[in-house]
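See below for the structure under consideration.
Both backbone and side-chain heavy atoms feed into the values below; hydrogens, waters and symmetry mates do not.
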Amino acid sequence: MLTAVLARIKGYAAAAIGGALFMAFAYLRARQAGKNAAELAQAKKQAEAIRRKKASDDQIDSMSPDARRDELNKWLRDKQR
């Protein structure tokens, strides 16, 4: 009788340990997935910023010096002409 009770307790203990391991594994997988998603979103933002800067630089490079000066004068408070 005592061996049957011990066998039943061992079965419950094994099930509890298995459940705890499963929950820990699921938690760690979800945490890693969240971290990967955040890194991907940051990389997309950086790529978009690089693309916009390149487009802006290309636009400025294609302008003549006079056109650049006129555009920059729009940003000055004291317009000296």
Side-chain angles (χ1 to χ4, degrees):
M1 171 133 172
L2 183 59
T3 56
V5 171
L6 288 176
R8 181 175 280 179
I9 291 174
K10 285 182 185 178
Y12 288 134
I17 291 171
L21 287 175
F22 175 77
M23 293 300 288
F25 178 74
Y27 169 75
L28 292 175
R29 290 278 294 183
R31 183 175 171 195
Q32 185 65 39
K35 182 178 178 182
N36 290 343
E39 288 175 354
L40 180 63
Q42 183 65 30
K44 285 181 180 179
K45 285 180 183 179
Q46 287 176 345
E48 178 62 21
I50 290 169
R51 187 193 62 75
R52 282 186 295 168
K53 182 174 184 329
K54 183 175 181 341
S56 174
D57 288 349
D58 290 344
Q59 181 183 10
I60 292 170
D61 290 343
S62 68
M63 297 170 78
S64 69
D66 292 333
R68 284 185 209 167
R69 188 174 22 260
D70 291 341
E71 286 295 318
L72 288 174
N73 280 336
K74 292 178 184 178
W75 290 91
L76 294 176
R77 290 185 184 177
D78 295 331
K79 293 188 178 187
Q80 300 172 3
R81 291 188 181 211

In residues 26-41, what donor-acceptor pairs under 3.5 Å come from side-chain atoms, sequence neighbours left out?
unit_1, atom_1, unit_2, atom_2, d
Gln32, NE2, Asn36, OD1, 3.1
Asn36, ND2, Gln32, O, 3.4

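Listed by chain and residue number, nothing satisfies the side chain to side chain donor-acceptor pair (under 3.5 Å) test with Arg52 (two or more places apart in sequence, or in another chain). Qualifying side chain to side chain donor-acceptor pair (under 3.5 Å) partners for Gln46, counting only residues two or more places apart in sequence or in other chains: none. For Lys44, there are no salt bridge (charged side-chain N to carboxylate O under 4.0 Å, His left out) partners at least two apart in sequence or on another chain. Considering only residues two or more places apart in sequence or on other chains, Asp58 meets the side chain to side chain contact (heavy atoms under 4.5 Å, CB included) condition with Lys54. By the side chain to side chain donor-acceptor pair (under 3.5 Å) test, Asp61 is found to be paired with no residue, residues two or more places apart in sequence or in another chain being considered.
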Please determine whether salt bridge (charged side-chain N to carboxylate O under 4.0 Å, His left out) holds for the pair Lys53 and Asp57, giving the CA-CA distance in whole Å, both sets of side-chain angles, and the decisive distance to 0.1 Å. CA-CA 6 Å; Lys53 182 174 184 329; Asp57 288 349; 2.8 Å; yes
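Using a 4.0 Å cut-off between charged nitrogen and carboxylate oxygen, Arg68 and Glu71 do not count as a salt-bridge pair. The pair Glu48-Arg51 meets the salt-bridge criterion, since a charged nitrogen lies less than 4.0 angstrom from a carboxylate oxygen.
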